[in-house]
Amino acid sequence: MTSAVLKSVSPIQHKAKPDAPERMRNIGIMAHIDAGKTTVTERVLYLTQKVHRMGEVHDGAATMDFLEEEQKRGITIQSAATTAEWNGHVINIIDTPGHVDFTAEVERSLRVLDGAIAVFDAKNGVEAQSETVWRQADRYAVPRICFINKMDKIGANFDFAVGTIRDRLGARAVPIQMPVGTEKDFKGFVDLIRWKYITFLDDGDGRDYYEEDVPEELAEMAGAYRHDLLEAAAEHDDELLDLFLEDGEITEEMVRRALRRAVLSRELTLVLAGSALKNKGVRFVLDAVVDFLPNPIEIEAIEGTDPDSGEEVQRQPTDDAPVAIMAFKTVAEPTGDMTFVRVYSGVLEKGAKLLNPRTRKSERIGRLVKIHANKREAVESVRAGEIAAVIGLKNTVTGDTLCDPDHPIALGKITFPDSVISMSIEPAKSTDRDKLGEIIGRLMREDPTFRAQTNEATGQLIISGMGELHLEVVINRIQNEFKCGVQTGRPKVAFKQRLKKDLETEARYIRQSGGSGQYAVVHVRFETQAGIEGGGFEFVDKVKGGNVPREYIPAVGQGLEEFFKTGGSSGIPFVDLRCTLFDGKAHDVDSSEMAFRAAGVLAFRQAMENNTVLLEPFMKVEVSVPEEFLGAVVGDLNSRRGEVSDIDSQGDQRIVRAMVPIAEMFAYSSALRGATQGRGQYSMELAEYRDVPPAIAAKMREEHQA
């Protein structure tokens with residue numbers, strides 16, 4: 001056995017400028033809250049010499065958490081982008097939030113990324129939000145590698161964490177490292193591909209490590225891990241399979257080639273281990289990003305539709321293809337919105353005029369910048385596969401496509417979940433009313449899950465979001481960042497409603513007051529239909545014989561859709577409804593678009609009379625508590641109309657999973673602290689909408705209307 005050799009990262013070696021898209025990676029870092037995403041990103045920036053000192057999340061000094069609210073709370077609230085260089089490759093990185101209230105940031109980031117690092121806590125394994133972001137990555141077909149972080153934490157268990165990835169996520173997780181030691185005895189790992197034993201310096205900064213041959217006492221266990229790795233890799237390479245079956249000599253290059261192919265096809269997910277806070281293992285994650293995650297030209301051709309014909313079209317991810325970019329994030333600024341974009345094809349150049357297929361208007365590319373957290377670098381052009389930002393776009397919002405006017409394409413939109421709670425807000429001083437309106441508009445442009453509207457009945461401004469923390473952060477930003485004092489009402493649940501049964505109505509909107517009157521008669525069929533795209537509403541024209549003139553039919557649809565979204569005087573929007581206009585009458589003189597729009601509203605009002613069911617959002621809740629407090633926590637969840645579905649063990653902790661209506665979960669964090677002496681933790685996310693029991697619904701309707 002050879003003695004250990006000290007190895008060191010050479011910054012010069014890793015700073016070579018790439019000159020081809022093959023040497024580029026677009027990755028996101030995703031995980032449950034507190035798993036260590038931002039700490040991993042901070043170590044990456046230090047190792048790649050993007051920063052020269054490591055900021056810590058718990059000190060409020062992390063480079064990527066630059067918002068005041070992020071620094072105060074020690075969590076990531078909005079995704080932040082940066083670029084680093086490693087081993088001759090450029091790596092564009094987006095650090096995403098872990099809290100469910102800010103899941104839209106993960107959604108739009110994964111939409112434009114080619115690969116991802118999923119970070120897991122070595123003690124807890126897969127947690128509620130890590131499951132959510134994993135499913136988001138599945139939806140966008142994003143290849144991943146996994147990093148089991150916090151191997152030095154009390155209770156860390158590598159095999160358990162890998163097991164949860166397999167069992168709860170359904171992924172074929174294959175370790176390429178076997179960690180040696182856990183908790184305070186975590187020393188390093190056996191590199192199963194290179195068959196080397198790597199140990200870390202106790203007080204190192206992540207640049208240096210020791211490498212030696214695998215010791216005899218580790219060889220048997222590591223050999224079992226390597227056998228599993230080679231078996232999985234062999235399924236993706238015929239030459240490797242023959243050698244594996246014949247016990248032939250297998251080279252490192254062959255293993256990497258097979259594993260890369262399996263990762264890109266999303267058939268395998270490779271697993272690494274370390275402790276980001278103690279600077280152990282992150283440099284090997286960077287190597288894995290370069291070795292196994294895709295470059296922009298390895299992704300499939302991007303698909304979209306021709307905005308004129310509706311036919312499917314494709315764009316190859318190359319510089320010589322027509323330009324097609326997607327706007328995936330907006331930061332509203334006084335000098336003009338900064339819009340983050342992913343260039344899918346062609347070269348985006350400063351000064352170019354591109355078409356927005358949604359608005360059918362042109363946008364001029366003014367300033368182009370590359371982003372590092374809150375710092376910017378002006379550039380003249382951005383190539384296919386790169387991520388950058390455009391400053392000064394006028395009519396482009398999150399999810400919009402910008403493309404070559406001569407080769408139009410509309411890329412698939414980004415979908416965001418509905419808000420689940422709302423509250424009233426008003427300025428502390430009446431003179432600030434216009435200022436507050438401008439601030440709300442800016443925040444809505446930045447965050448697609450934050451919504452605001454005026455209640456027509458009361459005149460109150462109502463803001464809605466994904467949870468208590470979401471709205472709390474918004475309020476704090478309005479007061480501290482924008483210097484506008486506000487007063488708020490207590491949070492309320494964002495209820496919805498549906499029709500109990502299908503029916504047909506005849507609505508007669510006839511008004512006569514001396515001069516020309518208003519005349520419209522419509523026959524509308526209302527059908528509850530789950531899974532309708534475009535917000536859950538569908539209007540169908542089945543009028544025959546010209547009983548309703550063609551020019552008035554869209555007005556009926558507008559009236560129906562308006563009532564669907566607002567719920568009329570109830571203020572509670574509807575879900576999942578198909579409205580079919582199949583007959584009606586018009587008057588030669590008195591009919592108008594306004595009359596038929598009003599008739600549509602009247603038809604809906606008649607359809608909902610004694611025919612509605614109130615719906616409330618149910619949350620998937622996961623509570624982690626010491627066993628001694630299990631009974632109290634389960635009893636409390638049951639008292640909140642919760643349904644406990646599962647109780648797991650993780651060491652001395654019990655994991656309770658339940659479905660609970662969000663109406664019963666306000667201020668739950670305080671109740672949980674009291675019930676567990678501050679030792680309980682929980683997370684929750686929107687699962688579905690369910691019917692409210694009749695007795696509770698009657699009370700809730702009264703409170704909602706009051």
Spacing of CD1 belonging to Ile440 relative to SG belonging to Cys484, to within rounding of 0.5 Å: 8.5 Å
Among Thr83, Asp114, Thr82, side-chain hydrogen bond (donor to acceptor under 3.5 Å, both in side chains) partner for Asn92: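 Option passing the side-chain hydrogen bond (donor to acceptor under 3.5 Å, both in side chains) with Asn92: Thr83.
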Charged tip of Arg342 within 45° of Tyr344 ring normal and under 6.0 Å: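 Yes - Arg342 lies over the ring of Tyr344, closer than 6.0 Å to its centre and within 45° of its axis.
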Met619 CE to Tyr682 OH distance, which is reported to the nearest 0.5 Å: 9.0 Å
For the student: nearest non-hydrogen atoms of Phe537 and Cys579, plus distance: CE1-SG, 3.7 Å
Heavy-atom closest pair, residues Leu293 and Pro143: CD2-O, 3.8 Å
Short side-chain to backbone donor-acceptor contact, Arg315 and Ala324, under 3.5 Å: no
Any Cys403 side-chain heavy atom under 4.5 Å of Pro357 side chain: yes
Main-chain N/O of Pro307 paired with Thr305 side-chain donor or acceptor, under 3.5 Å: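 No: the side chain of Thr305 does not pair with the backbone of Pro307.
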Side-chain touch Phe328/Arg111, heavy atoms, less than 4.5 angstrom: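 No, too far: nothing below the 4.5 Å cut-off.
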Note, Val474 side chain near Phe450 side chain (heavy atom, < 4.5 Å):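 Result yes, sub-4.5 Å side-chain heavy-atom pair found.
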Check: Arg43 side chain, Ala276 main-chain N or O, donor-acceptor pair, under 3.5 Å: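 Yes; judged by distance alone, with no hydrogens or angles, the pair exists.
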Min side-chain heavy-atom separation Leu436-Val486 under 4.5 Å: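 Answer yes - side chains close enough.
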Modelled atom types, side-chain donor and acceptor of His470 and Asp447, under 3.5 Å: yes
N-O pairing of Lys353 and Asp404 below 4.0 Å: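 The answer is no: the pair does not qualify as a salt bridge.
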N-O pairing of Lys435 and Asp432 below 4.0 Å: no
Side-chain (Arg640) to main-chain (Glu664) donor-acceptor, under 3.5 angstrom: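 Such a contact is found between Arg640 side chain and Glu664 backbone.
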Derivation and outcome, side chain to side chain contact (heavy atoms under 4.5 Å, CB included), residues Arg597 and Glu562: CA-CA 9 Å; Arg597 183 185 181 109; Glu562 177 187 313; 2.6 Å; yes
Given Leu577, Thr612, Leu615, the one that forms side-chain contact (heavy atoms from CB on, under 4.5 Å) with Arg498: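 Answer after filtering Leu577, Thr612, Leu615: Leu615.
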Nearest atoms (heavy-atom pairs only) where Asn480 meets Lys483: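 Answer, listing the atom of Asn480 first, then Lys483: O-NZ, 2.9 Å.
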Heavy-atom pair with the smallest gap, counting every atom of Val382 and Ala388: CG2-CB, 3.7 Å
Verdict with supporting geometry, Val347 and Glu386, side chain to side chain contact (heavy atoms under 4.5 Å, CB included): CA-CA 9 Å; Val347 177; Glu386 291 191 290; over 6 Å; no
Salt bridge flag under 4.0 Å for residues Glu446 and Lys329: no
Gap separating the CZ atom of Phe120 from the OG atom of Ser130, nearest 0.5 angstrom: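 It comes to 5.5 Å.
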Six-ring centre of Phe618, Arg690 cation under 6.0 angstrom, axis tolerance 45°: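 Yes.
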Carboxylate-amine/guanidinium contact Arg641 Glu616, below 4.0 Å: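 Result for this pair is yes, salt bridge flagged.
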Side chain to side chain contact (heavy atoms under 4.5 Å, CB included) between Val341 and Ile387, worked out: CA-CA 6 Å; Val341 299; Ile387 292 172; over 6 Å; no
Candidate pair Ile27 and Leu113, rule side chain to side chain contact (heavy atoms under 4.5 Å, CB included), full reasoning: CA-CA 6 Å; Ile27 65 164; Leu113 293 171; 5.7 Å; no
Validation row: Glu131, His32 side chains within 4.5 angstrom (heavy atoms): no
With Ile463, the side-chain contact (heavy atoms from CB on, under 4.5 Å) member among Ile421, Ile475, Thr488: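 Passing option: Ile475.
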Check ion pair Arg433-Glu438 (N to O, under 4.0 angstrom):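 Between Glu438 and Arg433 there is no salt bridge, as every charged N stays at least 4.0 Å from the carboxylate O atoms.
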Heavy-atom closest pair, residues Ile462 and Ser422: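 For Ile462 versus Ser422, the nearest heavy atoms are CG2-CB, 3.8 Å.
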Side-chain heavy-atom pair Val343, Arg383 within 4.5 angstrom cut-off: no
Positive for side-chain hydrogen bond (donor to acceptor under 3.5 Å, both in side chains) with Arg445, one of Thr330, Thr398, Asp337, Thr339: Asp337
4.5 Å side-chain heavy-atom contact, Asn124 and Glu127: yes
Ring geometry between Phe604 and Phe574 (parallel below 30°, tilted from 30 to 60°, perpendicular above 60°): tilted
Atom pair CD (Glu380) and NZ (Lys350), whose distance is rounded to the nearest 0.5 Å: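 Going from the CD atom of Glu380 to the NZ atom of Lys350 covers 5.0 Å.
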Residues Glu688 and Lys620 bridged, charged N to O under 4.0 Å: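 Salt bridge: no.
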Side-chain heavy atoms of Val493 within contact of Phe666, under 4.5 Å: yes
Spacing of CG belonging to Asn395 relative to CZ belonging to Arg358, to within rounding of 0.5 Å: 7.5 Å
Spacing of CG belonging to Asp400 relative to CD1 belonging to Ile325, to within rounding of 0.5 Å: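 So the gap between those two atoms works out to 10.0 Å.
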Donor-acceptor under 3.5 Å (Glu363 side chain, Thr396 main chain): yes
